[in-house]
Amino acid sequence: MRIATWNVNSVKAHLDAVLAWLKEAKPDVVCLQEIKCEDHAFPAFEFEALGYSCAVHGQKTYNGVALLSRYALEDVEKGLPGGDGDDHARFIAATVVGPAVVRVASLYLPNGNPAPGPKYDYKLAWMKRLEAYARKALLQEEAFVLAGDFNVIPEPRDARFPENWTRDALFLPQTRAAFSALKSIGLTDGYRAVHPLKTGAYSFWDYQAGAWQKDNGILIDHLLLSPQAADRLTGADIHKHVRGWEKPSDHVPVMITLK
DNA sequence: ATGGTAGCGGTGCTA
């Protein structure tokens, strides 16, 4: 079973690229972020025509997450628990009932810039909430995957120019520590488990200043696996070529394979 | 320190 995550930076603006990639890569489950539309405006018909079911947690203009699946999506959960007034659409989870059963979450973790400040406080609080969610989920002892744009550069090797990011919310020590703490409760980074020594692997290149042409990228789109999911992990790949397509998202898909 | 680009929506915010 192939499970991918992709921040599409508006599902409507980049629909052609999304559909082309689905036909090419044939993922079974896709976690989308930054769909930037409300539920009623989500192009479900186009995805259903390719054989996907959809679960959508959208909002106007900003954020918005969704799940696409070739198999049935059950027990859809919208919003990360513990919000208390948090109205950003950044989290959706559902159980994929296919040849194997796996619960999948599509998440769009807050960017957090500028740091320090209220946006950074929100990011760190959101990471705490995600850790609490994951701790609870681990008690089920079932396969699950937390996939999305984490807006975290975990290590210096995950940036082409790490020195450019030292004061950025994506790379601050507190951010990296929170991500490390999240993994340490018992989650496996899917891409890193398959490619432990790889360098120069990125999932995002800014539109500005020719970042793509210079390969000035960062790896911020991740898939974290429960032990039961990690036991089934057989592959992981970054679909870098998609960034070179016409009118691309600034992120590319990252996909894992579970047996 | 600034500006570089993109999407949304029709101005400035978010990234």
Q: Regarding A:D215 and A:R243, does a basic nitrogen lie under 4.0 Å from an acidic carboxylate oxygen?
A: no

Q: Of A:P248 and A:N111, whose nearest nucleotide on DNA chain B comes first from the 5' end?
A: A:P248

Q: Using whole Å, what does the distance between atom C1' of nucleotide B:dC8 and atom CZ of A:F42 come to?
A: 18 Å

Q: With rounding to the closest Å, how many angstrom separate the P atoms on B:dA15 and B:dA1?
A: 22 Å

Q: Sorted by first residue and then second, give each salt bridge (Lys or Arg N to Asp or Glu O under 4.0 Å) pair with at least one member in residues 186-196 of chain A; sequence neighbours left out.
A: A:D158-A:R192

Q: I need the NZ-P distance between A:K123 and B:dA15, as an integer number of Å.
A: 10 Å

Q: Name all residues meeting the ring-ring contact (aromatic ring centres under 6.0 Å, His included) criterion together with A:Y71; count only those two or more places apart in sequence or in a different chain, and write none if there are none.
A: none

Q: Would you jot down, in residue-number order, the residues of residues 14-24 of chain A having a non-hydrogen atom under 4.0 Å from DNA chain B?
A: A:H14

Q: Picking from B:dT5, B:dG12, B:dA15, which would you name as closest to the side chain of A:Y207?
A: B:dT5

Q: When you measure from the side chain of A:A13, which nucleotide among B:dG4, B:dC8, B:dT14 comes out closest?
A: B:dC8

Q: Is the distance from OP1 or OP2 of B:dG7 to the nearest side-chain N or O of A:K247 less than 4.0 Å?
A: yes

Q: In whole angstrom, give the distance that lies between atom CH2 of A:W212 and atom C1' of B:dT5.
A: 16 Å

Q: Taking salt bridge (Lys or Arg N to Asp or Glu O under 4.0 Å) as the test, write out the residues that go with A:R129, two or more places apart.
A: A:D86

Q: Mind calculating the distance between OH (A:Y122) and C1' (B:dT14) to the nearest angstrom?
A: 13 Å

Q: Report all side-chain donor-acceptor pairs from residues 227-239 of chain A shorter than 3.5 Å, counting only partners two or more places apart or in another chain.
A:
unit_1: A:Q228; atom_1: OE1; unit_2: A:S226; atom_2: OG; d: 3.4
unit_1: A:R232; atom_1: NE; unit_2: A:K259; atom_2: O; d: 3.2
unit_1: A:T234; atom_1: OG1; unit_2: A:T257; atom_2: O; d: 3.4
unit_1: A:H239; atom_1: ND1; unit_2: A:W21; atom_2: NE1; d: 2.9

Q: Counting the atoms with a prime plus P, OP1 and OP2 as sugar-phosphate, which does A:F204 contact under 4.0 Å by heavy atoms, base, sugar-phosphate, or nothing?
A: nothing

Q: By side chain to side chain donor-acceptor pair (under 3.5 Å), which residues pair with A:Y62, not counting sequence neighbours?
A: none

Q: When you measure from every atom of DNA chain B, which of residues 154-173 of chain A have a heavy atom less than 4.0 Å away?
A: none

Q: Take atom NZ of A:K12 and atom P of B:dG7, then tell me their distance rounded to the nearest Å.
A: 13 Å

Q: Under 3.5 Å, is there a donor on one side chain and an acceptor on the other for A:S249 and A:N9?
A: no

Q: Can you name the side chain to side chain donor-acceptor pair (under 3.5 Å) partners of A:E77, sequence neighbours left out?
A: A:R103, A:Y133

Q: What's the closest nucleotide to the A:K119 side chain, out of B:dG7, B:dA15, B:dC8?
A: B:dA15

Q: For DNA chain B, whose closest nucleotide is more 5', that of A:K60 or that of A:D250?
A: A:K60

Q: Expressed in angstrom and rounded to an integer, what is the separation of A:E246 atom CD from B:dA6 atom P?
A: 12 Å

Q: Please tell me if A:S10 has a side-chain N or O lying less than 4.0 Å from either OP1 or OP2 of B:dC8.
A: yes

Q: Side chains of residues 146-154 of chain A: which donor-acceptor partners sit under 3.5 Å, not counting sequence neighbours?
A:
unit_1: A:D149; atom_1: OD1; unit_2: A:N151; atom_2: N; d: 2.9
unit_1: A:D149; atom_1: OD2; unit_2: A:N7; atom_2: ND2; d: 3.0
unit_1: A:N151; atom_1: ND2; unit_2: A:L109; atom_2: O; d: 2.8

